[in-house]
Amino acid sequence: MKTASLAMNSPIQLDISTPLAARIAQTTTAASLADLPTEVIDKTKLCLLDLIGCAFESRDMPWSRQAVGLIQAIEPGASVIGAPHAATYGDAAFANAVMGHGLVREDMHSGSISHLGIVVLPALLALSQYRRISGREFIIAAVVGYEVGGRIGRAIMDAQIAKIHRPTGITGPVAAAAAGARALGLNLEATTSAIAIGANTALGFNEWAHTGGSEMFFHAGFAARNAVTAARLAEVGAFASPTALDGGAGLFASLGKQSAAARVAMFEDQPEILSVYHKPVPACNFAQTPCQAALRLSGDEKVDFERIAAIKIRVPRAGALYPGCDHRGPFAHILQAKMSIQYNVAAALMLGNVSEKNFTLLKDPSLHRLISMMELIVDNEMTRAYPALQGGEVQITEIDGTTHRKRLDNVVNATAVEVRDRFRISANAVVGAKRAAEIEQLVDSLEHSDDAGKLAELLRAEG
């Protein structure tokens with residue numbers, strides 16, 4: 001099958017001596033919907049439906065209630081998904097990003113170890129009610145955001161940096177600021193400043209992974225709100241250092257990666273949004289593949305978890321090292337369970353399913369018995385293949401010595417049908433079947449809409 005690529009109608013010759021933020025701006029301000037293959041447009045719509053569905057479904061989670069509860073209702077303003085009132089543009093972006101992240105089932109870009117949709121899309125939804133934006137511009141702005149976040153993340157992120165810094169907290173504000181600048185139609189200089197301001201708001205720390213702290217969810221909210229602010233500041237003339245990304249005191253240098261900035265180029269091959277996958281499991285990215293392997297053993301081979309004597313789990317090195325992923329308990333908070341590869345494999349073997357119900361077993365003795373017999377192993381072949389492929393393997397030995405083994409070469413992607421089905425279920429529950437159908441129809445025809453803000457308006461609940 002032919003790989004989709006974005007071939008610019010008028011290719012830009014970029015000078016490598018130009019600061020990175022300006023090089024990004026040169027490309028992103030020139031991109032148009034005509035440059036995008038149909039599959040890129042369709043993927044953008046699916047990401048948008050997934051974000052909205054996750055936000056509807058997570059609205060009663062503690063962190064979602066907290067994010068919505070602190071905002072002040074204001075009219076006119078921007079819609080808060082599933083809430084009856086509007087908020088300031090920044091606060092709406094904050095709350096919607098937190099809710100989009102609330103299930104830990106958001107879309108994932110493995111190459112940057114980032115969840116780009118939960119930052120880029122809430123920022124754009126808010127800006128679509130700040131300024132009239134066509135559906136065409138919304139789509140290209142979203143693709144720009146995923147591209148910027150994906151390319152920067154690939155250049156910066158590695159297992160050592162991710163041990164301390166939250167990848168989405170680094171890539172998200174820059175990506176969404178670039179998307180916001182594009183949506184607002186900012187010129188080259190203003191777009192450069194928006195990207196630079198976004199870079200100045202980056203980071204977030206991964207200590208939450210050791211304690212189960214909920215700051216993880218708020219990283220996405222801060223990034224989306226800061227991106228809205230960055231784009232609007234640039235719009236009114238704020239100037240920020242064009243070298244904020246690649247300068248001697250810029251973002252790349254702060255992470256010891258200054259030399260990597262020269263390799264960052266937008267839309268060189270397949271657009272980064274096509275590298276995004278949709279999680280089937282409401283848990284950490286690195287738990288996805290081993291969890292799916294465990295489900296295959298539980299379902300296809302009818303493994304009885306009560307007869308298990310030993311379990312070996314193989315994952316790429318990045319998965320074993322990511323904070324919180326190699327955690328055997330205790331589990332004082334749900335987020336610790338959602339991050340733990342061991343917990344997710346044990347729950348999948350016990351329940352034969354993956355849903356929020358899996359995270360009601362925090363103190364279950366059978367689950368902890370399974371975890372006690374697990375060995376997490378770094379697989380060299382998977383490590384070499386990562387991030388292009390994200391493999392996982394589960395091998396089970398029963399008490400009579402019988403062994404079962406399931407190896408998956410790559411993460412299992414939730415299909416478009418599955419994403420739509422879970423969107424419909426969650427949207428129907430909050431706004432009703434009629435409104436849910438209207439939302440889905442508007443997303444499906446978004447490139448033909450003259451006002452993307454109409455979609456944001458539909459996301460509000462009745463009073």
Side-chain angles (χ1 to χ4, degrees), residues 61 103-105 108 206 208-214 216 279-379 382 390-412 414:
M61 294 290 190
L103 300 176
V104 197
R105 202 191 63 200
M108 177 71 198
N206 272 341
W208 58 271
H210 304 291
T211 65
S214 56
M216 181 196 83
K279 289 182 181 178
V281 181
C284 174
N285 168 58
F286 292 112
Q288 300 289 316
T289 317
C291 188
Q292 290 292 319
L295 285 176
R296 305 288 176 87
L297 292 176
S298 175
D300 298 345
E301 303 195 27
K302 310 298 183 186
V303 174
D304 182 351
F305 74 88
E306 293 183 344
R307 291 180 50 79
I308 295 174
I311 304 171
K312 291 183 178 180
I313 306 170
R314 295 180 179 273
V315 297
R317 179 175 179 269
L321 292 184
Y322 195 83
C325 287
D326 184 6
H327 181 55
R328 306 171 64 87
F331 302 100
H333 303 280
I334 289 175
L335 190 52
Q336 290 172 304
K338 284 181 175 275
M339 293 301 299
S340 167
I341 293 172
Q342 292 94 330
Y343 182 101
N344 281 279
V345 168
L349 290 170
M350 289 178 61
L351 300 181
N353 199 355
V354 285
S355 69
E356 286 301 310
K357 183 180 178 182
N358 290 43
F359 304 102
T360 64
L361 306 173
L362 300 189
K363 300 185 185 300
D364 188 283
S366 295
L367 179 134
H368 285 277
R369 184 186 74 84
L370 290 178
I371 290 177
S372 71
M373 58 184 67
M374 289 182 179
E375 180 183 4
L376 186 67
I377 302 167
V378 173
D379 186 287
M382 292 179 193
Q390 187 172 295
E393 177 184 302
V394 176
Q395 179 179 312
I396 290 172
T397 303
E398 295 190 61
I399 54 179
D400 64 358
T402 303
T403 61
H404 307 269
R405 173 176 172 267
K406 187 63 182 179
R407 185 181 183 91
L408 298 176
D409 292 331
N410 200 11
V411 66
V412 178

**Asked** Do V281 and N358 come within less than 4.5 Å of each other through their side chains, counting heavy atoms only?
**Response** no
**Message:** Less than 4.5 Å apart, side chain to side chain, heavy atoms only: is that true for H327 and M339?
**Reply:** no
**Asked** Looking only at heavy atoms, what is the nearest atom pair of M61 and L103, with distance?
**Response** CE-CD2, 3.7 Å
**Audit row: D300, K406, salt bridge (Lys or Arg N to Asp or Glu O under 4.0 Å) steps and yes/no** = CA-CA 10 Å; D300 298 345; K406 187 63 182 179; 5.6 Å; no
**Asked** Rounded to the nearest 0.5 Å, how far apart are CE of M216 and CG of L335?
**Response** 4.5 Å
**Message:** Quick check against the 3.5 Å criterion: does N344 have a side-chain atom that pairs as donor or acceptor with the backbone of Q288?
**Reply:** no
**Asked** When rounded to the nearest 0.5 angstrom, what is the spacing between CD1 in I313 and CD in Q342?
**Response** 5.5 Å
**Request:** Report yes if the side chains of K279 and V104 come closer than 4.5 Å at any heavy-atom pair, otherwise no.
**Result:** yes
**Message:** Show every ring-ring contact (aromatic ring centres under 6.0 Å, His included) that has at least one partner inside residues 279-305, sequence neighbours left out.
**Reply:** F286-Y322, F286-Y386
**Item:** Close side-chain approach of E398 to H404, heavy-atom, < 4.5 Å
**Value:** yes
**Message:** Ring-plane angle category for F331 and H368, please: parallel below 30°, perpendicular beyond 60°, tilted otherwise.
**Reply:** tilted
**Item:** Single hit among I377, I341, V378 for side-chain contact (heavy atoms from CB on, under 4.5 Å) with V315
**Value:** I341
**Request:** Flag the pair D364 / M350 as yes when at least one side-chain heavy-atom distance between them is below 4.5 Å, and no otherwise.
**Result:** yes
**Message:** Applying salt bridge (Lys or Arg N to Asp or Glu O under 4.0 Å) to E356 and K338, what does each step give before you reach the verdict?
**Reply:** CA-CA 10 Å; E356 286 301 310; K338 284 181 175 275; 2.7 Å; yes
**Prompt:** So which of R405, R407, R314 actually passes side-chain contact (heavy atoms from CB on, under 4.5 Å) with Q395?
**Reply:** R405
**Request:** Check for a donor-acceptor pair, side chain of S298 on one end and backbone N or O of L295 on the other, with a separation under 3.5 Å.
**Result:** no
